Amino acid sequence: MKFSRSIFSHWRFIRPSGRNIFTHHSFGQTPQKDFSSYLNADNPISALLLTLRGGIPLRAHDFPSVLAACSSFPNLGRQVHTLMLKAAIHSQPVPATALLDMYSKCGHVEDALLIFDEMPVRDAVAWNALISCLVRHGLTSDAIAAFHSMVDDGIVFTGHTLCAVLKACASMRALRQGKQIHSWVVGNGYSSVVMGTALIDFYSSFGMIQDAMEVFTRLNCPKDVVVYNALVGGCIQNRQYKEAFTMLRNMRPNGITLTSALSACSELLNLSYGKQIHCVMIRRGFGSDVILCNALMDLYAKCGEITAAHLVFKLITEKNVVSWTCIIDAYGSHGHGTEALKLFRMMEERKCRDVTPNAVTFLAVLTACAHSGLVDEGRLCFFSMRDKYDIDPGPEHYACFIDLLGRAGRIEEAWDLYCGLSESANKLTPAVCVAMLNACRISMDLVKGEHVAKHLLYLDSDNPGSYVLVSNFYAAVGRWEGAEDLRKQMRGKGLKKEVGSSQIAVKGCS
DNA sequence: GTAGGGTTAG
């Protein structure tokens, strides 16, 4: 790919650090040496595994780092808890706080709270860990209550406390209280880059991007990539794309920055910036990153660059269900149904864990069949959802399949499906009715069509689009008086069909 | 031992 001028050309090549905690995982002949080297090399999981296999016991001060490494492995974490009980150090503030945090990060809130309850002495860090745990799990009012209890207990709160409370304020939509924290932070010299990030995130969540920018500008300490990302993300969430791209030009991005940048490109359908971000991804060693590649692939496909989308797909080393769904949808929505089906079969053949097709994948496959008129393939796929994958087809799958049958003139088969749905009211959605009505229009079936039309107008009586569709149906089958009557009903209700619109970036970013 | 950034497919 050639780019005349890159907006991101000065971004330097830096490989992301991706140290794997299992990298040094091999049990040598000298466990004692391995044990301490694992701990020294910050590879606590391997040290823990040696301990659990009857090796050297962990020392009291080893527990916090081992627990921190267990935050994605709850079963290991529980085993560490048992070791702590045996060593009678489970109630000491430092290891107990680490234990609380481990349970919190593993999603075991009840266990985390139990640890806190059983702590005989609770210092500020223990309280902070508790408040963070409550905020993390959406228990915001409990978090605020805990903050008050902490103060009541005479514990002096810290910057950590205020960051967690600020997050709670954002999710409770407590703007005034959050602003109070801001004033307090400024007045008492609690500013830091972390606090600044929390404040930027807080103001962004209220759409107050100017205030977020002011926090950033006034930040009187070295700015790191996280605080930049918070502001870039805030700008994008608040649709301030120009500001976001200006910031992007003046920073050194990491994977998270690029994720935000790609989401902005997708929102704007801006392929030019997308291609430049693609170059940066390659230069910075993110060329195979599954999340970034999926987003990029989708952008290429949305912009009609199907070959580029496929190239990106091929480069993903660990393709997930989203990657496969994306590429199937890319081909399918551009009328390449056979290619989409070929990819779907390749996906099925993989039979790997995590790459099993899901409901979204099936929708992509059905859409692909519908766009290319592949009736038999579509039918096979529709029925394999339940038979082979135990996925209950949703109304969107029915709508798509009925549409496919309707276009092929298979009105009776479509009707049978439609009638079968009448028993489950939640599946007979306006979209299903629209698909069935179209099928009736194509087959000029007045009786069935009138039945469907009636139901559509019952379900979607305030949607002008439904009246237009029904009116078009009557016109198509030659019932002009019916068509005119519908238009009159629509006018009588004061409904007006909105004019369709679409947009694509031609120059610049907005 | 506790705090800050994003999450991709319809």
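What you see below is based on every heavy atom in this structure, not just the backbone, and it leaves out hydrogens, waters and symmetry mates. Treat the numbers as computed from the prediction; the structure is a model and nothing was measured.
Listed candidates were B/dT2, B/dA9, B/dG4. Nearest to the side chain of A/Asp101 is B/dT2. Listed nucleotides B/dG1, B/dT2, B/dG4 differ in distance to A/Asp201; the shortest reach to its side chain belongs to B/dG4. Across B/dA3, B/dG6, B/dG10, the shortest atom-to-atom separation from the side chain of A/Leu363 is found for B/dG10. With B/dT7, B/dG4, B/dA3 as the candidates, the nucleotide lying closest to the side chain of A/Arg136 is B/dA3. Residue A/Asn254 has its side chain nearest to B/dG5 when only B/dA9, B/dG4, B/dG5 are considered. For A/Ala295, taking side-chain heavy atoms from C-beta onward, the closest of the listed nucleotides B/dT8, B/dT7, B/dG4 is B/dT8. Of the candidate nucleotides B/dG1, B/dA3, B/dA9, B/dG1 has the atom lying nearest to any side-chain atom of A/Asp123. Counting only heavy atoms from C-beta on, A/Glu396 has its side chain closest to B/dG10 among B/dT2, B/dT7, B/dG10. Each of B/dG1, B/dA9, B/dG6 was ranked by its minimum atom distance to the side chain of A/Cys326; first place goes to B/dA9. Which of B/dA9, B/dG5, B/dG1 sits closest to the side chain of A/Val322 comes down to B/dA9.
Two rings, from A/Phe216 and A/Tyr203, have their centers 6.0 Å or more apart.
Salt-bridge check for A/Asp390 with A/Arg386: failed, with every basic side-chain N at 4.0 Å or more from each acidic carboxylate O.
Between A/Lys302 atom NZ and B/dA9 atom C1' the separation is 9 Å, expressed in whole Å. Put simply, CD1 on A/Ile209 is 14 Å from P on B/dG5, counting in whole angstrom units. Between A/Ile327 atom CD1 and B/dG10 atom P there is a gap of 13 Å when expressed in whole angstrom units. Rounded to an integer number of Å, the gap from CZ of A/Phe147 to P of B/dA3 is 17 Å. Look at CG on A/Leu296: it is 14 Å from P on B/dT8, rounded to the nearest Å. We find that NE2 of A/His160 is positioned 5 Å from C1' of B/dA3, with the value rounded to whole Å. Note: CE (A/Met195) to C1' (B/dT2) measures 13 Å, nearest angstrom. A/Leu199 places its CG atom 12 Å from the C1' atom of B/dA3, with the value rounded to the nearest Å.
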| query | For A/His81 and A/Ile115, what are the C-alpha separation, side-chain angles and deciding distance, and is it a side chain to side chain contact (heavy atoms under 4.5 Å, CB included)? | reply | CA-CA 10 Å; A/His81 190 176; A/Ile115 300 293; 3.6 Å; yes
| task | Determine, step by step, whether A/Asp111 and A/Arg78 satisfy the salt bridge (charged side-chain N to carboxylate O under 4.0 Å, His left out) criterion, reporting the C-alpha distance in whole Å, the side-chain angles of both residues, the deciding distance to 0.1 Å, and the verdict. | result | CA-CA 10 Å; A/Asp111 293 300; A/Arg78 279 199 194 282; 3.0 Å; yes
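Heavy atoms of A/Pro95 sit nowhere under 4.0 angstrom from any nucleic acid atom. Among the heavy atoms of the strands lying under 4.0 Å from A/Ala126 is at least one base atom, whether or not backbone atoms are also near. Within the nucleic acid shown, A/Val225 comes within 4.0 Å of at least one base atom, counting heavy atoms only.
For A/Asn128 and B/dG1, a side-chain-to-base donor-acceptor distance below 3.5 Å is absent, hydrogens and geometry of angles not being considered.
Residues A/Ser266 and A/Asp289 each lie close to DNA chain B; by heavy-atom proximity, the contact nearer the 5' end of the strand is made by A/Asp289.
Taking 4.0 angstrom as the limit, A/Lys167 places a side-chain polar atom (N or O) nearer than this to OP1 or OP2 of B/dG4. For the OP1/OP2 pair of B/dG6 and a distance below 4.0 Å, the side-chain nitrogens and oxygens of A/Gln237 include at least one atom meeting the criterion.
Closest of all the heavy-atom pairs between A/Leu417 and A/Tyr398 is CD2-CE2, 3.7 Å.
Judged by distance alone, the side chains of A/Asn358 and A/Thr361 do bring a donor and an acceptor atom under 3.5 Å apart.
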